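Fair warning: this is a prediction, and the values are worked out from it, not measured in the lab. Just so it is clear, the values below take in all heavy atoms, side chains as well, and ignore hydrogens, waters and symmetry mates. Residue numbering restarts at 1 for every chain, and letters A, B, ... go by the order of the sequence lines.
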Amino acid sequence: MIELLNIERVFLVGDEEVHALRQISFDVATGEYVAIMGSSGSGKSTLLNILGLLDRPDSGVYQLDSQRVSELDEDHLAEVRRHQIGFVFQFFHLIPRLTAFENVELPLTLAGVAPSLRKQKVTDALAAFGLRDRARHRPAQLSGGQRQRVAIARATIMEPKIILADEPTGNLDSSSGSEVINILEELNRLGITVIMVTHDHAIGARASRIIRMADGRIESDSRHR
Amino acid sequence: MRLNDFFLITFLSVREQPLRSFLTALGIAVGISAVVLLTSLGEGLHRFVLSEFTQFGTNLIAINPGKKSTLGVSGAVISNVRPLSIDDADALSMLPGVIKSQPVIQGNAAVEAGKRQRRTTVFGVGSDTPEVWQLSVAAGHFLPNDPPRNARPYAVLGSRLRKELFKQEPFLGKRLRIGGEVYRVIGGMESKGQMLGFDLDDAVYLPIAKAMSMFNRESLMEIDLLYDKDHSAESITIAASKMLKKRHGSEDFTITTQEQMLETLGSVLNILTIAVGALGGISLVVGGVGIFTIMTIAVNERRAEIGLLCALGASRQLVRLLFLGEAITLSLLGGLAGLILGVGCALGLALLVPALPIHTSWGFVAAAELIAVLVGLGAGVLPANNAASLPPVEALRAE
Ligand SMILES: Nc1ncnc2c1ncn2[C@@H]1O[C@H](COP(=O)(O)OP(=O)(O)OP(=O)(O)O)[C@@H](O)[C@H]1O
Ligand SMILES: [Mg+2]
């Protein structure tokens, strides 16, 4: 479903060119569970942002479901993000003035879904992630693990085909971290493609495929299990 | 996105920082209330002055001695001025279209009735005064149409003077002593109130020739022409001017039509109202700068949120509209508060100082509200565009 060919990303810092991604080519099939690993500054986040259509490569071709998304205009990219991709971030990125319920509801609200359907979907999602009694809480009133579960509920509420997670456990203790990983694995079992950046080898090892990056290149790409 | 969700989300953002939103909206509120209050005063004054003028009717022309000229009046010209006379007034009444011609002089004198005495305004007028000045007789009659030079010594009292001199006692037929002469009261007027400082109620009306000799005047101060509605003020002016020029040999008089007075007065007052409104408008601009500042700060503070909205699939246009909506919500809230404040102040002022003419013109109010929304829009455009053009990756990195 994802095909990358010779993706390059170069940042200009002053006069200096920083090659964040060089000659990146790989495919991801539907339903895969991929961990992207590598040292800090190796280009993992840059790659994930391009996969999530938040950033554009400077060259190369990115096809999503056989569509050359690197050529779409902003509005179409927004539409693809809205319906196909769910994001989970290290710092949760919940909106502080909205309740857990409203945060999960936000993608539906932005997409113009009818309130009655929204209410039902969000209620179900909160229950599924064990957050039923936290619906009226604001992010500041939730633990880190709960916040990340709200964020995952939000990422899945539009029923996307892909979940992109950039260090989803980076800000969590090990028990809430493994809780979050369990949820992502459960989503993957339901058929959602999961691509996750992580520094944690134990977590990376649980994925069915590990892509290792170094200095903007793919160092290794291994499948196991 | 649904419209009510849009309003809810912008409203939640504005509500999130109540103090800050309050202070920001306050700028607009002060501007709007200033516009509403000041234009209410201006418009009230406008109406007050216009009604003062039109209480004498609108088809009236005044003729005064002396030529008003933009070049000024030289001494030589003044010596050439022939006084306006009662004969002039009589001649003018013959003009086609002129219904009545009213000679006027005015002065001050003490009026004695038995033991009571009062200094008051004396109007020397003709018999047609009630019709020309739109006054009504409350009791008795107005001055009869005697030949001017043989007028009987009759007097008619304004309502205030009547009360001062006679209280509730009967007054018709009573004798008055004015300037050493004795007059008989034959009528009393209804109350008319003030007209630009002249109290028409604290006055006595005497036959014109009697008043002229009392004040030792050879000439009239004014001739008022009441003309037929079917004739234009202009045609009457031209005819009257022609006749007087013939009689006097030169244009040594000034004709003022009611329309001219109303027009110049109206335009002066309009300028006043607009100037005063513009003054309030300046505070609106200051309010707009406040919104601009706060929205710029808000966009900066909420970069991560903007990135998130992009990640969730919000289009740039939607991000722009959300921030624009916030700016407009602020200005609209300020506008409504200002409206309530301004109208409240106007009403309060009207209650406290009943003499103050206050009239809230809803046209100005609507214009002020519209300007408030436009100010919000204008102040929000740049910050909203900044928000929309933020690269999502950059925005998400902020935190
Ligand atoms: N907007 C940018 N402008 C300039 N340089 C950038 C920008 N974004 C990323 N880079 C550079 O690109 C390289 C890759 O950055 P990236 O954030 O992808 O690394 P990463 O693998 O996610 O690191 P970490 O594990 O620390 O998150 C780094 O050298 C970084 O400095
Ligand atoms: Mg990173």
Practice prompt. Heavy-atom distances under 4.5 Å only: say whether A/Ala114 touches chain B with side chain, backbone, both or neither.
Written response: both

Worksheet item: B/Leu12 and A/Arg97: which non-hydrogen atoms are nearest, and at how many Å?
Response: O-CD, 3.7 Å

Fill in: Charged N-O contact under 4.0 Å between A/Glu74 and B/Arg320
no

Worksheet, complete the sentence: Minimal heavy-atom distance between A/Val113 and B/Arg2, with the atoms involved, is O-NE, 3.5 Å

Worksheet item: Just by modelled atom types, is the B/Leu396 backbone N or O under 3.5 Å from a matching donor or acceptor in the A/His93 side chain?
Response: yes

Fill in: From B/Leu309 atom CG to A/Ile95 atom CD1, the distance as rounded to the nearest 0.5 Å
5.0 Å

Practice prompt. Applying side-chain contact (heavy atoms from CB on, under 4.5 Å), run through A/Leu106 and B/Ile9 and close with a yes or a no.
Written response: CA-CA 10 Å; A/Leu106 190 56; B/Ile9 285 194; 3.9 Å; yes

Worksheet item: Are A/Asp73 and B/Arg316 close enough for a salt bridge, meaning some N to O gap below 4.0 Å?
Response: no

Discussion item. Taking side chain as everything from C-beta outward and backbone as N, CA, C, O, which of these in A/Arg118 sits under 4.5 Å from a heavy atom of chain B? Side chain, backbone, both or neither.
Written reply: side chain

Worksheet entry | Option from A/Ile85, A/Leu108, A/Leu110 for which side chain to side chain contact (heavy atoms under 4.5 Å, CB included) with B/Leu312 holds | A/Leu110

Worksheet item: Does a sphere of radius 6.0 Å around CZ in B/Phe22 hold more than 12 heavy atoms from other residues, nucleotides or ligands, not counting ones at 6.0 Å or beyond?
Response: no

Fill in: Interface moiety of A/Asp55 toward chain B, non-hydrogen atoms closer than 4.5 Å
both

Worksheet item: What closest approach, in Å, do B/Val393 and A/Leu54 show between heavy atoms, and which atom pair accounts for it?
Response: CG2-O, 3.3 Å

Worksheet item: Heavy-atom distance under 4.5 Å to chain B: side chain of A/Leu164, backbone, both or neither?
Response: neither

Fill in: chain A contacts, top residue of B/Ser315, B/Gly307, B/Cys310, B/Ala314 (heavy-atom pairs, under 4.5 Å)
B/Cys310

Item to complete: Mind jotting down which residue pairs meet the side-chain hydrogen bond (donor to acceptor under 3.5 Å, both in side chains) criterion with at least one end in residues 23-41 of chain B? Sequence neighbours excluded, please.
Response: B/Ser40-B/Thr360

Worksheet item: Looking at A/His83, A/Met158, A/Glu102, A/Arg82, which makes the most heavy-atom pairs under 4.5 Å with chain B?
Response: A/Arg82

Discussion item. Tell me whether A/His76 at atom NE2 has more than 12 heavy atoms from other residues, nucleotides or ligands lying less than 6.0 Å away.
Written reply: no

